[in-house]
Amino acid sequence: MNKREFLRTAGGAGLGLLLSPRLAALYAETPVERLAEDEAFWVAIRGKYRLKPDYINLESGYYSIQAQPVLEAYITKVREINYQGSYYLRTTQVPDKAAARDKLAVMAGCSPAELCITRNTTESLDTVITGYDWKAGDEAVMSEQDYGHMLAQFRLMARRFGMVNKLVSLPIDPRSDDEIVQLYANAITPRTRLMMVPHMVNITGHILPVRKIADMAHAKGVDVMVDGAHAFAHIDYKIPDLGCDYYGASLHKWLGCPLGTGILYVRREKIPTLWAIYGDNRPLEDADIMKLNHTGTHPVHTDLTIANAIAFHNAIGTQRKEARLRYLQNYWTNKVRGMPNVVLYTPTDPARSCAIANVGIKGMAPGDLAKSLLDNDKIWTNGVDNAGVHGVRVTPHVFIQPKELDKLVAAISRHAKRAHVGQ
């Protein structure tokens, strides 16, 4: 491919922002499955990050560090807004944030009128949970594997309004989508109003069949709210295709935005039905989603940097990124799955997970395993010990290399052998 032909391709134009024209042309047409295993390409991407040498960072699921181009853009915006002061806030802030929202809407595949920028998934979904006009006896359905703070918000609504929360427990390795759909269906009664579903379970990486669940729930007159904290910029999809009514996600995870950025999607016809958490000049019944987004004075530079993070993400390409993340997870889980005394809390079907997986050692507390991995192997993970999951969550990002995961595999094997001999 000559340079002119290369620049006409979408893949080539994107990669051209990250790599030299020669390398970009080389990789632009490479199938994503093959590129996922091309270490030379991913070493070049790794070079866009400043990585702390003290440990291998396998906990990007909490907060993914920004790539250097995004970080530098963020710092520039901090300086510029500080330079302009209140002049910027009163003149340019609103249209600039709207432009960032427009770019997010394109990425999410929805109308900008159905999307607002929040600080994180918790704020997004709590806006919906609290915004419901709950009556005593109303029911909500969720899983015990859902994120703890959203479960806590539902408990708060139960105490305040007398609504009822019904929990299901998700299987670690489901036999089919129908098994998951039926699990939620069995919890619905005539009093059920809202169902919360994780797009990707935060502690196991399990990707749920959200569209099938939503279609089932809607057929029974139940609204569906999806926790997409770990799915956005991780796997390839558009929010409207999921068929849900509400969707929340964090942008400081897999998109690599600064801390304090998230999104809330509300289907257009549902906006007037939600109470706002904070008072706003817009009428309660207004169909403007911004009535739900009254933040007061806010560090706007975080929101403005979203555009830079999207540009970096798009330069890699969503499908390339998803393929690499799934490759990394399967690379190490395939090596430890089936080892004596090793328990994997992530589905065996590769289509049901991507970067996130969870592994435990029989007889070993997750916190002890996480501590040993850090102290002895310089591997940073996170221990999970609830909702039927008792292991460490492993969440590699695009800057992680297989040779680093080999160290994780060696450490797990060592602990498994010790457990096997009773030590």
Are [X] and [Y] close enough that a side-chain donor and a side-chain acceptor fall under 3.5 Å?
X: His252; Y: Ser64; value: no
X: Asp227; Y: Tyr247; value: no
X: Asp406; Y: Tyr331; value: yes
X: Asp173; Y: Thr348; value: yes
X: Ser169; Y: Glu144; value: yes
X: Gln145; Y: Thr204; value: no

message = If the condition is ring pair (Phe, Tyr, Trp, His ring centres under 6.0 Å), which residues does His149 pass it with, not counting sequence neighbours?
response = Tyr147
query = Counting heavy atoms not belonging to Tyr62, are there more than 12 under 6.0 Å from its OH?
reply = no
request  = Flag the pair His230 / Lys253 as yes when at least one side-chain heavy-atom distance between them is below 4.5 Å, and no otherwise.
outcome  = yes
Tell me whether [X] contacts the main-chain N or O of [Y] through its side chain, where contact means a donor paired with an acceptor under 3.5 Å.
X: Asn120; Y: Thr122; answer: yes
X: Asn314; Y: Gly317; answer: no
X: Arg191; Y: Glu139; answer: no
X: Arg211; Y: Asp241; answer: yes
X: Ser353; Y: His206; answer: no
X: Asn186; Y: Gln182; answer: yes

key: Worked verdict on Leu344 versus Thr333 for side-chain contact (heavy atoms from CB on, under 4.5 Å)   = CA-CA 8 Å; Leu344 275 170; Thr333 55; 4.1 Å; yes
Salt bridge check: are [X] and [Y] linked by an N-O gap of less than 4.0 Å?
X: Arg352; Y: Asp177; result: yes
X: Glu33; Y: Arg324; result: no
X: Arg193; Y: Asp138; result: yes
X: Asp286; Y: Lys291; result: no
X: Arg101; Y: Glu114; result: no
X: Asp223; Y: Lys270; result: yes

request  = Check side-chain contact (heavy atoms from CB on, under 4.5 Å) between Arg34 and all other residues, then give those that pass, not counting sequence neighbours.
outcome  =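 Thr30, Pro31.
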remark   = Exactly one candidate in Arg119, Lys97, Lys77 meets side chain to side chain donor-acceptor pair (under 3.5 Å) with Asp303; the answer is Lys97
inquiry  = Measuring centre to centre across the rings, with the benzene-like ring taken for any Trp, is His199 within less than 6.0 Å of Tyr237?
reply    =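 Judged by ring-centre distance (under 6.0 Å), His199 and Tyr237 do meet the cut-off.
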ask   = Quick one: are the ring centres of Trp254 and His397 less than 6.0 Å apart?
value = yes
key: Audit row: Asp146, Met142, side-chain contact (heavy atoms from CB on, under 4.5 Å) steps and yes/no   = CA-CA 7 Å; Asp146 275 303; Met142 63 217 68; 3.6 Å; yes
Enumerate, atom names and distances included, each donor-acceptor pair closer than 3.5 Å involving a side-chain atom of residues 158-165, sequence neighbours excluded.
from   : atom 1 : to     : atom 2 : distance (Å)
Asn165 : ND2    : Phe154 : O      : 3.0

Residues in side chain to side chain donor-acceptor pair (under 3.5 Å) with [X], at least two apart?
X: Asn386; value: none
X: His301; value: none
X: Lys371; value: Asp375

inquiry  = For the OG1 atom of Thr346 and the CD1 atom of Ile356, what is their distance to the nearest 0.5 Å?
reply    = 8.5 Å
request  = Measure the spacing between OG of Ser86 and CD1 of Ile81 and express it to the nearest 0.5 Å.
outcome  = 12.5 Å
ask   = Parallel, tilted or perpendicular: which fits the ring planes of Tyr49 and Phe312, with parallel below 30° and perpendicular above 60°?
value =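 Tyr49 vs Phe312 ring planes: perpendicular.
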